[in-house]
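The structure under discussion appears below in the form of structure tokens.
Owing to the predicted nature of the structure, the values given are computational and were not obtained by experimental measurement.
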Amino acid sequence: MPDYDLPTRNDVSAPWFNEDNPHELAGYFKELEYLFERHRVSDAAQRKQSAVRYVSADVRELWQCAASWDDPTRSYEAFKAEVHAFYPEATDTLRYTTWDLSALVNERARCEMESVEDLGAFYRKFMVISTFLIKRIDSRHWNKRGGSLAPSRVIKRRDCRNFSS
């Protein structure tokens, strides 16, 4: 089925890649592959062409530098792997580091949380980063050291009952 059956670039159902947040790359390709399945796009060249259809001109130009872009003998999967290589910071193993957690906690130590919304925003970001890091740590090693990243330990300097909505 031709790719003109796929949504246009600005259609609300079109996949979107935010080049300022490379961690969204895997999600972009998942959404794109959902469209491929739904519209029965199986040809490698058509998939490659569609992959660059929904990105900015600068990103399109970069992705078209991939050796597999215009090589008909190379698969879509090879192209996708080359695109992922353009964004080493987008790998799951590098998504968050202990530096990110320290920076978040230190920022909140410097700036008072003045509302429940501030606390909620901090808590949600803390949970995302700390849960990611905990999953990366070998649980036996972590438990031997008695480690815990419970948010209550970080937030205990502030009495949450003082917040007003």
Side-chain angles (χ1 to χ4, degrees), residues 1-108 120-145 147-151 154:
M1 199 171 265
D3 73 343
Y4 56 78
D5 286 340
L6 293 173
T8 60
R9 184 173 194 263
N10 296 318
D11 190 283
V12 69
S13 65
W16 183 72
F17 173 60
N18 178 359
E19 60 196 278
D20 295 329
N21 190 357
H23 294 290
E24 295 178 2
L25 185 62
Y28 170 77
F29 277 108
K30 281 182 185 174
E31 288 297 313
L32 190 61
E33 287 159 12
Y34 169 77
L35 285 178
F36 292 161
E37 192 174 302
R38 187 172 175 201
H39 293 272
R40 295 177 178 81
V41 178
S42 58
D43 179 66
Q46 192 173 7
R47 284 181 169 213
K48 292 179 208 178
Q49 189 65 44
S50 297
V52 301
R53 178 181 192 175
Y54 302 108
V55 297
S56 70
D58 290 340
V59 171
R60 182 179 313 112
E61 190 173 33
L62 172 65
W63 291 9
Q64 289 174 338
C65 291
S68 59
W69 165 250
D70 54 6
D71 183 347
T73 65
R74 304 281 304 276
S75 70
Y76 164 76
E77 291 301 323
F79 169 74
K80 188 169 83 168
E82 285 184 80
V83 168
H84 277 279
F86 291 139
Y87 305 93
E89 71 275 26
T91 63
D92 281 342
T93 57
L94 298 175
R95 184 167 182 108
Y96 296 109
T97 65
T98 54
W99 185 90
D100 294 314
L101 186 62
S102 293
L104 177 68
V105 171
N106 289 335
E107 174 188 349
R108 282 301 164 192
F122 166 75
Y123 178 75
R124 288 185 295 275
K125 189 68 174 172
F126 182 92
M127 288 305 297
V128 167
I129 296 172
S130 64
T131 301
F132 175 84
L133 293 173
I134 288 168
K135 286 179 180 178
R136 283 189 33 210
I137 296 171
D138 176 60
S139 61
R140 290 170 300 174
H141 174 72
W142 186 250
N143 290 334
K144 282 180 191 173
R145 300 176 132 225
S148 175
L149 287 176
V154 176

message: As an exercise, state the distance from CG of L25 to NZ of K30, rounded to the nearest 0.5 Å.
response: 11.0 Å

- request: Please name all residues satisfying side-chain contact (heavy atoms from CB on, under 4.5 Å) with D43, sequence neighbours left out, ordered by chain then number.
  value: A45, Q46

field: side-chain hydrogen bond (donor to acceptor under 3.5 Å, both in side chains) partners of D71, counting only residues at least two apart
entry: T73

Intermediate values then yes/no, side chain to side chain contact (heavy atoms under 4.5 Å, CB included), N18 and Y28: CA-CA 9 Å; N18 178 359; Y28 170 77; over 6 Å; no

field: Least distance between heavy atoms, P22 atom then E89 atom
entry: CG-OE2, 3.1 Å

Counterpart residues, side-chain contact (heavy atoms from CB on, under 4.5 Å), relative to S13 (two or more places apart): P7, D11

message: I'd like to know if the side chain of E24 pairs up with that of Y87 as donor and acceptor (distance under 3.5 Å, no hydrogens or angles considered).
response: no

task: For K48 and Y76, work out which heavy atoms get closest and say how close.
output: N-CD1, 4.0 Å

- request: Give, for atom CD1 of I129 and atom OG1 of T97, the distance between the pair rounded to the nearest 0.5 Å.
  value: 8.5 Å

statement: All heavy atoms of S50 vs all of L6, minimum pair found to be OG-CD1, 3.3 Å

message: Quick check: closest heavy atoms across E31 and P15, and the distance to 0.1 Å?
response: CB-CB, 3.9 Å

statement: Distance col, row E82:CD vs R74:CZ, nearest 0.5 angstrom, shows 5.0 Å

message: Rounded to the nearest 0.5 Å, what separates atom OH in Y96 from atom NZ in K135?
response: 12.0 Å

task: Tell me, please, which residues at least two apart from F29 pass ring-ring contact (aromatic ring centres under 6.0 Å, His included).
output: W63, H84

message: Measuring from atom CH2 of W99 to atom CG of L104, what distance do you get when rounded to the nearest 0.5 angstrom?
response: 10.5 Å

message: Going by side-chain hydrogen bond (donor to acceptor under 3.5 Å, both in side chains), name the residues that satisfy it together with T98, two or more places apart in sequence or in a different chain.
response: none

query: Does OH in Y34 sit with more than 12 non-hydrogen atoms of other residues, nucleotides or ligands closer than 6.0 Å?
result: no

query: Taking all atoms of both residues into account, what is the closest heavy-atom pair of F86 and A66, and its distance?
result: CZ-N, 4.0 Å

- request: Kindly confirm or rule out a cation-pi arrangement of R108 over F122, judged by NZ or CZ under 6.0 Å from the six-membered ring centre and within 45° of its axis?
  value: no

field: Pairing residues for Q64 by the side-chain contact (heavy atoms from CB on, under 4.5 Å) criterion, not counting sequence neighbours
entry: V52, R60, W69

- prompt: With no hydrogens and no angle check, is any side-chain donor or acceptor of R9 less than 3.5 Å from a backbone partner on A14?
  reply: no

- prompt: From E33 CD over to L35 CG, what is the distance, rounded to the nearest 0.5 angstrom?
  reply: 10.0 Å

message: Between K80 and E77, does any NZ, NE, NH1 or NH2 come within less than 4.0 Å of an OD or OE carboxylate oxygen?
response: yes

